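Beneath this line is the structure, given in structure tokens, with notes to follow.
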Amino acid sequence: MYVPFETLPEESKVWIYQSNRKFTDEEFAAIATDLQAFVESWAAHGTGLEASFELKYNRFIILAVNQENQIATGCSIDASVQFIQDLEQKYAVDLLDKMNVTFKLGQHIAHKPLIEFKKMAKDKAVSGNTIVFNNLVNNIAEYNESWEVPAEDSWHSRFF
């Protein structure tokens, strides 16, 4: 069951998927339509999940579930991963590779393999003040407070 993202409690579970390339506005609009349909029918053990999504920067898909009403179980999580894999194939993108880093470089959003980001840190092309996207946040409260943070305040700090 879809609900507006901003109405979900802060304890709601989130999953963040980052694209290895920027989606076009048309692609993002189509993804929003597909996500709306998916979330409307998303269920765990036959019970609809109170869920929502956000799309950010033409790169990020954020799924969220209010687990106070119904916990997302293995099968429902598998269904969401299958949905994301279908998007990967449809748009020829990578959304599941956690060994990439997305960060702000001036007004632009850059996406690099972890090894390249590490090299950029060593070469001082990025610093501890570089804003990174910490996709390891677990809930909406962490998403709101710790998703876009200086690298020195995230797990990326080990590179500086």
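As the structure is a computational prediction, the values presented were derived from the model and not from experiment.
- Listed by chain and residue number, Glu50 satisfy the side-chain hydrogen bond (donor to acceptor under 3.5 Å, both in side chains) test with Asn66 (two or more places apart in sequence, or in another chain).
- The two atoms that bring Val39 and Ala51 nearest to each other are CG1-O, 3.4 Å, heavy atoms only.
- Under the side chain to side chain contact (heavy atoms under 4.5 Å, CB included) criterion, Ser157 pairs with no residue at all, not counting sequence neighbours.
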Quick one: side chains of residues 5-16, donor-acceptor pairs under 3.5 Å with protein atoms, not counting sequence neighbours, listed by atom name and distance.
| unit_1 | atom_1 | unit_2 | atom_2 | d |
| --- | --- | --- | --- | --- |
| Thr7 | OG1 | Pro4 | O | 2.6 |
| Ser12 | OG | Pro9 | O | 2.8 |

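- Between the side chains of Glu148 and Tyr57, at least one donor N or O sits under 3.5 Å from an acceptor N or O.
- Follow the hydrophobic side-chain contacts under 4.5 Å out from Ile71 and you never reach Ile77; the two are in separate clusters.
- Judged purely by atom type and a 3.5 angstrom limit, Gln36 has no side-chain atom pairing as donor or acceptor with the backbone of Thr33.
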### Message
Working note: Leu114 + Asn100, criterion side chain to side chain contact (heavy atoms under 4.5 Å, CB included); need CA distance, chi angles, decisive distance, verdict.
### Response
CA-CA 5 Å; Leu114 188 58; Asn100 294 313; over 6 Å; no
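- Using a distance-only test at 3.5 Å, with no hydrogens or angles considered, no donor-acceptor pair links the side chain of Asn20 to the main chain of Val93.
- Between Asp86 and Lys90, no side-chain nitrogen of the basic residue sits less than 4.0 Å from a carboxylate oxygen of the acidic one, so the salt-bridge criterion is not met.
- Put simply, the side chain of Arg59 never gets that close to the backbone of Gln18: no donor and acceptor are under 3.5 Å apart.
- Linking Ile, Leu, Val, Met, Phe, Trp and Tyr residues whenever their side-chain heavy atoms come within less than 4.5 Å places Leu136 and Met99 in a single cluster.
- The local environment of NZ in Lys22 is sparse, with at most 12 non-hydrogen atoms from other residues, nucleotides or ligands closer than 6.0 Å.
- Of all heavy-atom pairs spanning Ala64 and Ile140, the tightest one is CB-CD1, 4.1 Å.
- Follow the hydrophobic side-chain contacts under 4.5 Å out from Ile61 and you reach Tyr91 in the same cluster.
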### Query
What do the steps show when you test Phe117 against Phe103 for ring pair (Phe, Tyr, Trp, His ring centres under 6.0 Å), and what is the final call?
CA-CA 9 Å; Phe117 183 80; Phe103 55 99; 5.1 Å; yes
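- Residues Thr73 and Ala44 share a closest heavy-atom pair of OG1-CB, 3.7 Å.
- Cluster membership for Tyr2 and Ile62, using ILVMFWY side-chain heavy atoms within less than 4.5 angstrom, is not shared.
- Not one N or O on the side chain of Asp123 forms a donor-acceptor pair closer than 3.5 Å with the backbone of Ala125.
- When atom types are taken as modelled, the side chain of Glu116 and the backbone of Lys112 share no donor-acceptor pair closer than 3.5 angstrom.
- Side-chain polar atoms of His45 and Thr47 form no donor-acceptor pair below 3.5 angstrom.
- Ala121 is linked by a side chain to side chain contact (heavy atoms under 4.5 Å, CB included) to Val126, Phe159, Phe160, counting only residues two or more places apart in sequence or in another chain.
- The minimum heavy-atom distance linking Asn134 with Ser146 is given by the pair CB-O, 3.4 Å.
- Trp42 contributes a side-chain N or O that, together with a main-chain N or O of Ser76, makes up a donor-acceptor pair within less than 3.5 Å.
- Counting only residues at least two apart or in different chains, ring-ring contact (aromatic ring centres under 6.0 Å, His included) contacts with residues 64-88 comprise Phe38-Phe83.
- Nearest heavy atoms, Asn139 versus Glu142: OD1-N, 2.8 Å.
- Separation of atoms CG (Asn58) and CD1 (Ile31) is listed at 9.0 Å; rounding is to 0.5 Å.
- A donor-acceptor pair under 3.5 Å links the side-chain atoms of Ser52 to the main chain of Val3, judged by distance alone.
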### Message
The test is ring pair (Phe, Tyr, Trp, His ring centres under 6.0 Å); show your working for Tyr17 and Phe60 and say whether it passes.
### Response
CA-CA 6 Å; Tyr17 302 97; Phe60 297 94; over 10 Å; no
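- Heavy-atom contacts from other residues, nucleotides or ligands closer than 6.0 Å to NZ of Lys98 number more than 12.
- Shortest non-hydrogen contact noted between Phe133 and His156 is O-CE1, 4.0 Å.
- Atom-to-atom distance recorded for Gln89:CD and Leu87:CG is 10.0 Å, nearest 0.5 angstrom.
- In this structure, CD1 in Ile109 is found 11.5 Å from OG in Ser19, a value given to the nearest 0.5 Å.
- In this structure the side chain of Phe23 never reaches within 4.5 angstrom of the side chain of Leu55, judged on heavy atoms.
- Between the side chain of Glu88 and the backbone N or O of Leu95 there is at least one donor-acceptor pair closer than 3.5 Å.
- Shown here are the side chain to side chain contact (heavy atoms under 4.5 Å, CB included) partners of Ser127, two or more places apart in sequence or in another chain: Asn129, Thr130.
- Atom CG of Leu96 has more than 12 heavy atoms from other residues, nucleotides or ligands within 6.0 Å.
- Following chains of ILVMFWY side-chain contacts shorter than 4.5 Å, one can reach Leu63 starting from Val65, so the two form part of one hydrophobic cluster.
- Checking Gln82 against Asp78 by side-chain atom types alone, no donor-acceptor pair falls below 3.5 Å.
- Remark: Gln70 CD to Leu49 CG distance equals 6.0 Å, nearest 0.5 Å.
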